[in-house]
Amino acid sequence: MVWLLRSIVLSASCGLFASRGALGLVFGPVGTDSPAPAGGSIANDAPPNSFFQDFSPPFPTNDWWVGFGAGDGNAVVAGPFPYQSHLGPTDLQFGVSTSRNFDGVSIHQPTQTDWSVGFVEHDGNVQNRKALSWDSQSVTVQYFTGSSTMTSYLVPGSPYLTFSYSRATPKLTSANGAITFFAGNTLDSGASTTVTGTSFQVDNSAGTYIIYSLSGDLSLTASNDGTIVAGAQFDGVLRVVKLDSPSHKALLDQYVANYPTGVTTDYDFNGDVGTLRFTWSVTGNAADLLMLTWPHHRIKMQNPNFPPTSSLAYLTTKGYMYPTLGNVWNLVYDLPTITWNAPRTPDASCIQDLIAGLEYEIANLPAVTMPGDFYFFGGHFAAVSRLALIAEHVGRNDLVQPVIDWLRGSIVYLFDSASTAVPAYETGWGGIINRAGYNDTWVDYGNGYYNDHHFHYGYLLAAAAVIAKHDGAWLNTFRPTMEWFLRDIINPSRNDPFFPVTRCRDWFAGHSWASGIANGAGDRDQESVGEAVNGYYGALLWADVTGNADIKNYARLLIATEQHAAQVYWHLYPTASATDRDQPYLEQGLRDLVTIGNVMDWQAGAWLFWGDQRVEIAAIQILPVTPINEYMYDAAWAQAVYDYTFQELNNATYGDEWKSVIYLAYSQVNPAVAAQLSSSLTSWGTGNTFSNQLYFLSTRPGASNVCASAPSNPIGTFYIQSVTTDAYVIESTLPDLIASSTSQSLAAKFQFAFAPNAGTIKAVSTSQFVTADISGSYTISASRDTASAWEIFTIRPKQGAESGVYSILAASNKQYVTLGSIGELINNGANESSSAGFRLVSA
């Protein structure tokens, strides 16, 4: 349980310590104080099993191997790739998927078990298997009975599985059919053979494996019925490897003597460049360590020693793993320099509408209420906090304080033990959870079981950072509480006694996993890579406002690596070559789907657990839209997303909350067109706002005059006149709006006011807002004291009509206003061509 750190200690800006790893830095903990949140302490109902019998919390909850320690410990886990494995009662079971298919939506490489490796003396007691140690990427597992032990170093990227025996008789069992060939001998039904040597090639239905002894000659007896057993107890090391092609044997034979037993993950920072470094501890010659790389590694590795790709290759859901030599990898990333706001001022043509939007949205913030969860509360909480930052950026400091007041009033519920959603410290594994979900996976998407923590807490940290930026006294009071959330997702150090290291991050996979320990912690998955980035962005903002330079750099590195993974594994490029060395997805049909909705260990595809619309699949990888994500929305992908979702974007039945963020990604390609498209939106979801929409697209590189031609509602006091009948909406029929007289003297006056991308209509004589029923079955009426979503209308020049003629769209149901038989205004027109035409006559 060590990070294999040297003892060199450097002072760090966080006031604790940064340590030197094998070559670079490993930052010290954010804090070591015992968490005491408002919800107290509680253990969830899925405690760690006996795999951790020699250790105490905190434990990893999202690592690829956590299924060994959760539930009954028998889950098939996501590694160590190219293998997937699980713990049998007496042996480690593993395999390499030999089946890959594309079903039109996803690629699948179903897990399979090829072999199990154990020893004869094991008594079958599942308590007699345990973790010996783990680090930032690997885990060491031991099976034991009496003085007999088998220790396996499970290191992602190693083409071999390594087993170290002490006073134990090795036993290998085929899990995939009979043994048909062993060490040069064909085995017919019922046959067996005994061979002594150091290398044994064996075939079963899964294909060919090689068993190597690194400790001298070994006598093995193989039987057609599926067992291979040593002739005596063994003290030494066996390595087992899948041989996918005879041409790979030479490389495997050449480098088998050098094996990894663990890895140090550390980093260095040089200005705005970060180096992520993996250094494997090696028995043998470190320079001759044979490992396997994924595409994201190869793209970023500096000065690699790559043997030919033809010499060794394993196909996985992340593409081909190809070989490299050496125990040190340096992966270099350009780090983000953006913090609170975009690095450009908004385009001047957008400022007037942007300020109007800020004024409207801040004036109409919803009443502060107790949150029912962390996720949706956090998303809206963070979206509101952006209003303060945008107001500050455009020089409207007078609008900042109302936002800060609202944020303070909202976040106070996190510090109140009577709240519905209140943080508690979970003692079984070690972390902050929503107390309401400690025994229910359906609460807050399984937050109580460590699902989605980086999604949830990134939002909370981002908004809290905005409060702290403007209220030092609040920061002084609540900093410890907020830093428990920070430590939960971004703690860099094994010296924090209450939280695991960077909970969700899989350093070898190159990205985070959202799945925790629920349901035995089997498959690993992550849908929303955009929210993963935001988790670390929230941490960056908090680190910046608290002056923690180390954690800020650590967050920058996490953002850069997560965004790079997004572009490699979530973004699809239809015109890319299937044969490119670093292409993860060989199937043209998959790349044509433009966006991966869910990356899992054994499948990846354009689907979601909760939706199948193209706009949903794309949008969940884009949101939330914050300044930091301009690095992630590369132009080629943004254009492909726009083209792929075009039909849904132009269909009013699809939600504006998804369309809005797709338009923002597209603003990286063409901000003027994005502004035009965005002007049709009437809702932005709980995690976006009109002001954020306009701010982001108006701060794109090269944005100039992008809002000049974007349409907006007329503002002022008007009479409403039907073009068809020349009749005015009259005063006497109010609250119902009925155009029934051509006499202007009988007409009702209406005040048309700004709302984002739309407006409100209020009867002057009654001061009642016009509302439109969602069913579209009733006459619209001036009958509301205040304006909400049902009182919003989009008024635009009617297509094909003369100048000064408008159509009216009700935001409540996205239907156009038509005229009934007696002139009543009804929101039931399915499209713009079916809408009535109206003149707005100045009153």
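All figures in this text were calculated on a predicted structure; none of them were measured in a lab.
Distance check, rounded to the nearest 0.5 Å: OH of Tyr449 to CD1 of Ile517 gives 7.5 Å. The structure places CG of Leu335 at 10.5 Å from CG of Leu558, a figure rounded to the nearest 0.5 Å. Between Ile551 atom CD1 and Thr546 atom OG1 the span is 9.0 Å, to the nearest 0.5 Å. To the nearest 0.5 Å, atom OH of residue Tyr333 and atom OG1 of residue Thr275 are 10.5 Å apart. Atoms CG and CD1, on Asn341 and Ile628 in that order, are 11.5 Å from each other to the nearest 0.5 Å. Between the CG atom in Asp373 and the CG atom in Asn434 there is a gap of 7.5 Å [rounded to 0.5 Å].
Across all non-hydrogen atoms, the minimal contact from Phe51 to Val139 is CZ-CG2, 4.1 Å. Nearest heavy atom pair, residue Pro624 against residue Asn629, reads O-ND2, 3.2 Å. Scanning all heavy atoms of the two residues, the minimum distance from Arg435 to Gly40 falls at NH1-C, 4.4 Å. Shown here for Pro57 and Thr427, the closest heavy-atom pair between the two residues is CG-O, 3.5 Å. Pairing each heavy atom of Gly605 with each of Ser106, the nearest pair is CA-OG, 3.3 Å. Taking every heavy atom of both residues into account, Gly372 and Ala421 meet most closely at C-CB, 3.9 Å.
For the residue pair Trp513/Asp506, the side-chain donor-acceptor check at 3.5 Å is satisfied.
Under the 30°/60° scheme for interplanar angles, the aromatic rings of Trp280 and Phe278 are found to stand perpendicular. The aromatic rings of His571 and Trp637 lie parallel to each other, with less than 30° between the two planes, well short of the 60° mark. Below 30°, between 30° and 60°, or above 60°: for Tyr633 and Phe696 the angle between ring planes is above 60°, a perpendicular geometry. Under the 30°/60° scheme for interplanar angles, the aromatic rings of Trp65 and Phe52 are found to be tilted. Below 30°, between 30° and 60°, or above 60°: for Tyr450 and His453 the angle between ring planes is between 30° and 60°, a tilted geometry.
The closest donor-acceptor contact from the side chain of Tyr83 to the backbone of Ala78 lies at 3.5 Å or more, if one exists at all. Within the 3.5 Å criterion, the main-chain N or O of Gln53 finds no donor-acceptor partner in the side chain of Ser50. Under the 3.5 Å distance criterion, the side-chain polar atoms of Asp601 are matched with a main-chain donor or acceptor of Arg524. Remark: side-chain polar atoms of Asp444 are paired, donor with acceptor, to backbone N or O of Tyr375 under 3.5 angstrom. In this structure, the side chain of Thr316 engages the main chain of Lys318 through a donor-acceptor pair within 3.5 Å. Looking at Glu531, its side chain never comes within 3.5 Å of a backbone N or O of Tyr459 through a donor-acceptor pair. Distance alone, capped at 3.5 Å, is enough to place a donor-acceptor pair between the Gln621 side chain and the Val529 backbone. Remark: side-chain polar atoms of Asn44 are paired, donor with acceptor, to backbone N or O of Gly448 under 3.5 angstrom. Put simply, the side chain of Gln693 never gets that close to the backbone of Trp684: no donor and acceptor are under 3.5 Å apart. Proximity of a side-chain donor or acceptor of Asp266 to a complementary backbone N or O of Leu25 within less than 3.5 Å is not detected.
Residues Trp406 and His380 bring their aromatic ring centres within 6.0 Å. Trp294 has its ring centre less than 6.0 Å from the ring centre of Phe508. Ring pair Trp134/Phe55: centre-to-centre distance below 6.0 Å.
Residues Phe499 and Pro29 form no side-chain contact, since every pair of their non-hydrogen atoms from C-beta on lies 4.5 Å or further apart. Residues Ile433 and Asn447 meet the side-chain proximity criterion, which asks for heavy atoms closer than 4.5 Å. Side chains of Trp610 and Glu616 form a contact here, defined as non-hydrogen atoms less than 4.5 Å apart. Counting only heavy atoms from C-beta outward, the side chains of Val141 and Leu154 approach each other to under 4.5 Å. Inter-residue side-chain proximity for Val599 and Gln526 is flagged as unmet; no heavy-atom pair is nearer than 4.5 Å. Between Asp33 and Phe498 the shortest side-chain heavy-atom distance does not fall below 4.5 Å. Here the side chains of Trp542 and Glu483 are in contact, with some heavy-atom distance below 4.5 Å. Residues Phe27 and Ile490 are not in side-chain contact: their nearest non-hydrogen atoms beyond the backbone lie 4.5 Å or more apart.
For Arg556 and Asp272, the salt-bridge test passes: some basic side-chain N is under 4.0 Å from an acidic carboxylate O.
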Inset, instruction - Take Trp607 and Ile596 through the side chain to side chain contact (heavy atoms under 4.5 Å, CB included) test and state the conclusion after the steps. - result: CA-CA 7 Å; Trp607 64 278; Ile596 293 292; over 6 Å; no

Inset, instruction - With side chain to side chain contact (heavy atoms under 4.5 Å, CB included) as the test, would you mind laying out the steps for Ile622 and Leu664 before giving the verdict? - result: CA-CA 9 Å; Ile622 297 170; Leu664 290 183; 5.8 Å; no

Legend entry - Test log, rule side chain to side chain donor-acceptor pair (under 3.5 Å), inputs Ser138 and Asp135: CA-CA 6 Å; Ser138 68; Asp135 55 41; 2.8 Å; yes

Legend entry - Working for side chain to side chain contact (heavy atoms under 4.5 Å, CB included), residues Asp496 and Val30: CA-CA 8 Å; Asp496 187 327; Val30 174; 5.7 Å; no

Inset, instruction - Tell me, with the steps shown, if Asn688 and Leu623 meet side chain to side chain contact (heavy atoms under 4.5 Å, CB included). - result: CA-CA 8 Å; Asn688 193 18; Leu623 61 80; over 6 Å; no

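Under the side chain to side chain donor-acceptor pair (under 3.5 Å) rule, Thr561 has a single partner from His296, Arg505, His511, which is Arg505.
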